[in-house]
Structure formats: C-alpha cells, structure tokens
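Only one structure is covered here, and it is reproduced in the block below.
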Protein chains: 2
Amino acid sequence: MQWNLDQLSAFVAVCEHGSFSAAARDLHRAQSAVSQAVALLEEDLGVRLFERSGGRMPQLTEAGKALHEEARAVLQQCQRLQGRANGLQRGEEARLRLAQDEAMPYQPVLASLEALVHAFPLLEVQLASGAQGDVARKLVERRADLGLLFHHEQMPEALERQRLGTIEMVTVCGAGHPLARVPYADRRTLAQHRQLLMTPQDSHYSGGEQISPLVWRADSFYAMAELVMRDLGWAWLPRHVASYPTYQGHLLELRSDWTPPPLVVELVCRRDEALGPAARWLGDALARHLGSEG
Amino acid sequence: MQWNLDQLSAFVAVCEHGSFSAAARDLHRAQSAVSQAVALLEEDLGVRLFERSGGRMPQLTEAGKALHEEARAVLQQCQRLQGRANGLQRGEEARLRLAQDEAMPYQPVLASLEALVHAFPLLEVQLASGAQGDVARKLVERRADLGLLFHHEQMPEALERQRLGTIEMVTVCGAGHPLARVPYADRRTLAQHRQLLMTPQDSHYSGGEQISPLVWRADSFYAMAELVMRDLGWAWLPRHVASYPTYQGHLLELRSDWTPPPLVVELVCRRDEALGPAARWLGDALARHLGSEG
DNA sequence: CACAACCTATCTCCAAACCAGATAGCTATT
DNA sequence: AATAGCTATCTGGTTTGGAGATAGGTTGTG
C-alpha cells in the first residue's frame with residue numbers, strides 16, 4: 001500500500017471528468033501532476049486503470065471501474081472523518097449518552113432523537129433506560145452525559161437539573177377490582193383499598209403520596225401496572241403508561257376528587273462539565289416535545 | 001483535508017500500542033516520525049487527539065476515540081481497495097454477471113454462489129434470471145459473463161457451451177384432470193388430451209416433443225404449471241418445478257411409458273473472451289452441484 | 001536523593017517525492 | 001495542411017518527510 005490519497009483523488013477526478021486535463025483544471029493542478037499520479041497509482045496497484053488509445057479521451061478498463069468505486073468509497077470515508085473532526089473542532093461532543101427513566105414517554109424522546117440525527121448526522125448516540133436511581137448514578141459515574149427523569153427530592157450535589165415539562169397522572173384500578181364498579185372514588189373510598197406506590201427510598205416521585213394504610217410498593221410504573229391489572233390494588237400512573245396497549249381493557253381510569261400533581265420531567269447533567277452543542281440542542285428539542293404534552 | 005494515510009496509520013498504531021515509541025517500533029519508523037505525524041494530524045484536524053500529561057503513556061481524548069474509529073474505517077477501506085487490486089492483478093475479474101434460465105433449480109445455483117463468496121470475498125456478483133432467449137442475448141450483447149441454461153438447438157456462433165448436468169423431467173396433470181384417475185398413461189392415452197408445450201421458436205428445449213394433436217404453448221415452465229394446475233392439459237415439467245410448494249396437492253405426477261429425455265444443463269460463455277478465475281471456479285462448483293443431481 | 005528506564009517534543013540535515021512548465025507525439029476536426 | 005485537444009515524459013526547483021541527536025519530563029527503585 002504505497003499509494004496515497006492524492007493519487008486516489010486524481011484518479012477519481014479523471015474518472016468523473018473524462019480526461020486528465022479536465023481533471024487537472026478541476027483540481028487546480030498541472031496536467032503532468034495528474035498524469036504522473038495516475039501512472040504511479042497504476043504502477044503501485046499493478047493494474048491498468050485506463051485504456052489510452054493514443055490521443056483520445058482515456059477509457060476506464062473493467063478493473064478501473066471496480067477500483068473507481070473502491071476509491072470513491074475511501075475518499076468518502078475520509079470526508080466523513082474530516083466532517084467529524086470539523087464538528088469536534090467546533091466543540092461538538094463525539095458521542096451523546098442519554099440515560100432516561102424507563103417510564104419516560106417514548107414518543108417525545110424518539111421524536112427528539114429523530115430530529116437530532118438531522119441536525120448532527122455524524123453524532124454517535126447511546127440511549128439507556130433504567131430506574132430513576134440508575135439514571136442519576138450513571139451521570140455521577142460519568143457513564144452518561146444527559147439524563148431524563150422525573151422530579152425527585154434527593155438529587156446528588158454534582159448534578160444540575162432543568163425542568164422540561166409535566167406528565168399527567170391518572171388513578172387506575174383493575175377491571176375486576178371493587179373500585180371498578182364505583183362511579184366516583186373520593187379520597188376516603190380510595191383509602192379503604194390497597195394502594196400501590198413507588199418504592200420511596202430509591203426513587204421518590206413527587207406524585208406518590210401514601211393515602212391508604214395498606215400499601216404495596218414496586219420500583220417501576222410498569223410493575224405497578226401489572227399488579228393493578230391483577231386487581232391487587234389501585235394506583236396512580238402516568239397517563240401514557242396507563243394507556244399502553246398491553247393493558248388495554250384491563251386497566252380502568254377512576255374518577256376521583258384528588259389526583260397527585262403531574263410528574264415533572266427534568267433534564268439532568270453534571271454541574272462540572274459543560275454541555276456540548278448537541279446536548280443543548282437535544283435539551284431544547286425535548287423541552288419542545290415534552291412541553292406541548294404536559 | 002491535508003492529512004495523509006501515513007499519518008492515519010501512525011495515529012492508529014499509537015492508539016493500539018499505547019505509546020508513540022511502541023508504535024514506531026511496530027511501524028519500523030523512528031519515534032520522531034510518529035511524533036511528528038500525529039502532531040501534524042492534530043494540527044490539520046484542529047483536534048487534540050492525545051492527552052500528554054508529561055512523560056507518561058499518552059491518553060486518548062474523547063475526540064481521539066471517535067476519530068480513532070473513523071481512521072480505522074478509512075484504513076480498512078484502503079485495505080479493501082488494495083485487496084481488490086491484488087485480485088485484479090492476478091487476473092481475477094472485477095465482477096461476474098451470471099444470467100440463468102428462470103426455470104433453473106435454485107438450490108444448486110445458490111449453493112454454488114454461497115461457496116463462491118467464500119473463495120472470492122471481494123467479487124461483485126450480478127444474478128439475472130430470464131427466459132432462455134434472454135440469457136443468450138445478454139451474453140452476445142456483453143451484458144452477462146456467464147450463462148446457465150438448458151440445451152438448445154440453435155445457439156449463436158459467438159457462444160461456447162459446456163455440459164454441466166441433467167435435470168429429470170416428469171409428466172404431470174392437474175388434480176381434477178381426467179388423466180388423474182388413470183393409473184398408467186401410455187403414449188396413446190396422453191395423445192387424447194391437450195398437451196402443454198414450451199414455445200418452440202424462442203426457446204426450444206430438447207425435452208419438448210409434440211405428442212398430442214392439440215397443444216397449447218407457453219414460454220415458461222412456471223406458466224405451464226399454472227395452466228396444468230387449472231386442468232387445462234398435461235405437460236412435461238422439470239421435477240424441481242413440479243414439486244414447487246405452491247403447486248403442492250394441485251399437480252399429480254403421471255406414470256407413463258415415455259417421458260422426454262432429461263433436460264441438459266449447460267454453462268455458456270463468449271468464445272472470444274477468456275473466463276477469469278472466478279468464472280472458472282463457479283463453473284466447477286455448478287458442475288459439482290448440478291452433476292450430483294442429474 | 002540520585003539514578004535508571006521509560007517516555008515525548010523538537011531541532012537539524014539530507015534524500016526522496018512532488019509539482020509546474022516545457023516539449024514531443026498522437027488523433028480528430030476543419 | 002493546419003488547428004485544437006489530448007497525454008507522456010523530461011527537467012529543475014521546491015517541499016515534504018524521515019532519521020538521528022538532543023533536551024526535558026515522569027515513574028520507580030535503591
């Protein structure tokens with residue numbers, strides 16, 4: 001592999017302009033330079049690239065056609081590297097690792113990521129879903145750059161948060177639960193049945209006040225929904241979780257005199273590390289998509 | 001884009017060996033060369049690649065990690081180009097365009113192509129299926145390099161053929177056809193019913209003699225099978241066509257005193273152009289896979 | 001604390017590579 | 001025949017790029 005990129009560029013330019021001279025004009029080089037470059041390339045590769053039938057336009061050989069494709073692929077890859085470097089030079093991050101609470105609504109997040117890929121086509125994205133505690137931990141341990149979670153009382157000092165929007169909560173019970181036959185469930189009625197709550201120590205959502213003396217706890221809204229579906233109690237769930245197709249017909253929304261305040265969605269990042277342009281851009285997009293929802 | 005491939009190689013070598021000196025040893029270059037190469041690369045890209053914290057092993061920056069991947073991709077593409085050139089230098093063809101009769105059994109062809117890709121991993125393959133006339137025409141007009149078809153009386157002078165194997169023919173009728181109730185159909189019985197034959201002018205297969213005074217014609221075995229399935233007559237079909245899953249239960253194989261000789265499968269190429277190694281290799285593979293069948 | 005064993009950056013020098021310009025030779029068109 | 005367009009090759013001057021030497025750093029050890 002003794003050839004170099006200039007020779008490949010010359011070769012490709014000749015292929016696309018049809019003549020050595022035209023390629024030289026396009027490359028702002030002397031014709032002799034192009035001629036020598038291609039000749040050296042042919043010598044290095046041991047393959048005749050053009051059929052020079054004397055004084056007329058050179059014709060690509062079969063081998064030349066194949067290697068033309070390969071050469072274009074090489075140069076394209078080089079431009080990709082250059083583009084990536086340009087972005088990094090401008091301070092763009094090399095990759096963006098987004099960690100989100102698993103109960104985060106998918107649509108706004110996916111819509112934001114779809115928009116992100118158009119604004120930063122070369123950016124590498126890693127998306128991780130997990131319990132709320134995991135999200136914060138990933139940020140603290142620098143295993144994520146940006147976190148997306150619900151408002152939470154305890155937040156490590158090293159993290160900074162920013163409110164993005166809210167998510168409506170609904171009160172639900174299973175289709176076979178006694179409450180399903182009640183037209184309206186006031187607070188006292190709810191207190192007479194088993195309540196399902198998020199486990200408070202690891203992830204303490206703001207909308208999770210204990211009402212009933214009898215509670216079961218789970219660490220994810222999806223686990224709670226499964227329990228509710230089996231008529232083990234009632235619960236407050238984000239509306240988008242309650243209306244998940246899997247639960248269709250098994251979960252009933254209750255009318256009640258009190259529902260917890262909406263979940264507050266927050267964007268979290270490290271306090272000691274500046275966000276790159278892509279992270280800021282994604283933050284804005286998430287605010288737009290989540291703000292219109294809550 | 002002022003950097004060159006040597007700088008990329010040096011960069012990648014440093015990434016993989018952990019130090020400039022080790023990379024220099026591996027590349028059989030002086031340490032100063034590697035140092036300068038990386039320094040120039042950093043300058044050209046405008047991106048700091050390593051964190052030199054004084055006298056200890058340099059550490060890749062975040063940007064460096066991203067560009068390391070890109071650089072490796074570029075070099076890999078370059079090696080691909082070199083490999084392709086090496087093959088072409090040895091006389092291997094750049095691409096192999098195989099045209100086959102659409103009624104050719106798929107299994108042997110696919111098995112041969114699967115083996116081909118292991119022997120010639122960089123070869124570009126184009127596979128075209130069509131009526132027999134199309135196959136020969138493609139070869140004559142240089143739109144295909146290798147043809148796979150059934151023996152045929154008229155063959156253009158420019159083409160050369162080679163026998164590969166044979167394919168068994170069976171006599172079939174539809175499940176509701178009167179012949180379906182006959183335990184044994186001799187030639188005279190067959191002659192009393194409508195016979196479906198290949199159209200002779202465009203594609204004249206050897207196994208297609210007219211027996212019945214009443215014939216319908218079609219230009220593909222698949223079209224004939226469709227007609228037979230609707231009880232419009234009986235026909236001779238290649239066994240692999242007759243046992244195609246779509247026709248399962250709708251086509252019956254008849255016992256008869258005479259079936260046409262097996263179809264002879266032939267490999268066809270231009271007489272005036274030498275076959276490359278891949279074409280010869282594929283020809284051998286096809287002979288193996290088709291020979292064991294007939 | 002001195003020393004050895006690593007490492008990297010930088011300087012100088014020299015040979016090889018490379019480019020522009022000029023020239024010669026070819027073909028197709030007028 | 002003349003012209004215009006093309007390509008290969010030669011030549012001279014510039015530039016690039018590598019080797020070698022040197023300086024300066026950190027880590028680990030006696």
Side-chain angles (χ1 to χ4, degrees), chain A residues 1-61 63-65 67-68 71 75 78, chain B residues 1-61 63-65 67-68 71 74-75 78 82:
Chain A
M1 221 168 73
Q2 318 158 42
W3 40 271
N4 61 36
L5 291 177
D6 286 335
Q7 290 167 11
L8 286 194
S9 309
F11 170 45
V12 170
V14 172
C15 290
E16 287 169 2
H17 288 86
S19 88
F20 286 39
S21 303
R25 284 191 294 272
D26 182 68
L27 294 171
H28 303 290
R29 292 275 146 79
Q31 170 262 328
S32 61
V34 175
S35 178
Q36 281 203 41
V38 174
L40 276 180
L41 185 61
E42 285 180 318
E43 188 178 339
D44 288 342
L45 295 176
V47 173
R48 187 152 200 78
L49 298 173
F50 292 101
E51 205 60 66
R52 287 100 154 166
S53 57
R56 219 47 205 153
M57 295 284 213
Q59 211 67 24
L60 260 182
T61 60
K65 282 180 199 165
L67 293 179
H68 173 41
L75 294 179
C78 287
Chain B
M1 220 168 74
Q2 318 160 39
W3 40 271
N4 60 36
L5 290 177
D6 287 334
Q7 291 166 11
L8 286 193
S9 309
F11 170 45
V12 170
V14 172
C15 290
E16 287 168 3
H17 288 86
S19 88
F20 286 41
S21 303
R25 284 190 293 272
D26 181 69
L27 295 171
H28 303 291
R29 292 275 146 80
Q31 171 263 327
S32 62
V34 174
S35 179
Q36 281 204 41
V38 174
L40 277 179
L41 184 62
E42 284 180 320
E43 187 178 340
D44 288 342
L45 296 177
V47 173
R48 187 152 201 77
L49 298 173
F50 292 102
E51 205 57 68
R52 286 98 152 168
S53 57
R56 221 48 204 155
M57 294 284 210
Q59 212 66 27
L60 261 182
T61 61
K65 282 180 198 165
L67 294 180
H68 173 43
V74 169
L75 293 179
C78 288
Q82 181 69 53

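These numbers come from the heavy atoms of this one structure, side chains and all, not from hydrogens, waters or symmetry mates. So you know, we letter chains A, B, ... as the sequences are listed, proteins then strands, and number each from 1.
Side chain of Ser32(A), nearest nucleotide from dG21(C), dT8(C), dA9(C): dG21(C). Comparing atom distances between the Gln31(B) side chain and each of dT7(D), dC18(C), dA21(D) picks out dA21(D) as nearest. The side chain of Ser35(B) has dT10(C) as its nearest neighbour among dC10(D), dT10(C), dT7(D).
Taking only distance into account, the side chain of Gln36(A) never meets the base of dA17(C) through a donor-acceptor pair shorter than 3.5 Å. No donor-acceptor contact under 3.5 Å links the side chain of Gln2(A) to the base of dA17(C).
Between His17(B) and Ala23(B), the shortest heavy-atom distance links the atoms CB-N, 4.0 Å.
A close approach under 4.0 Å does occur between a side-chain nitrogen or oxygen of Asn4(B) and OP1 or OP2 of dG17(D). A close approach under 4.0 Å does not occur between any side-chain nitrogen or oxygen of Arg25(B) and OP1 or OP2 of dC6(C). Applying the 4.0 Å criterion to OP1 and OP2 of dC7(C), one finds that Arg52(B) has every side-chain N and O outside that range. Here Ser21(B) does not reach the OP1 or OP2 of dC6(C): none of its side-chain N or O atoms lies under 4.0 Å away.
Contact annotation for Ser19(A): backbone-only contact, meaning every heavy-atom pair under 4.0 Å involves sugar-phosphate atoms and none involves a base.
For the pair Leu41(B) CG and dG18(D) P, the computed distance is 13 Å after rounding to whole Å. The distance between atom CG of Leu40(A) and atom C1' of dC18(C), rounded to the nearest whole Å, is 10 Å. When the P atom of dT7(D) is taken as reference, atom CD of Glu51(A) falls 14 Å away, rounded to whole Å. Going from atom CD of Glu42(A) over to atom P of dT7(D) covers 13 Å, rounded to whole Å. In this structure, Phe20(B) places its CZ atom 6 Å from P of dT8(C), rounding to the nearest Å. Look at CD on Gln59(B): it is 15 Å from P on dC7(C), rounded to the nearest Å. Counting to the nearest Å, the C1' atom of dT7(D) and the CZ atom of Arg48(A) are 12 Å from each other. If you take CG of Leu5(A) and P of dG17(D), they are 12 Å apart, rounded to a whole angstrom.
Atoms CZ and OG1, from Arg52(A) and Thr61(A) in turn, are 9.5 Å apart once rounded to the nearest 0.5 Å. Rounding to the nearest 0.5 Å gives a distance of 11.5 Å between CG of Leu41(B) and CG of Asp6(B). We find the CZ-CZ distance between Phe20(B) and Arg25(B) to be 13.5 Å, quoted to the nearest 0.5 Å.
At least one donor-acceptor pair closer than 3.5 Å links the side chain of Glu42(A) to the backbone N or O of Phe50(A).
Along DNA chain C, the nucleotide closest to Ala39(B) and the one closest to Arg29(A) are compared, and the more 5′ of them pairs with Ala39(B).
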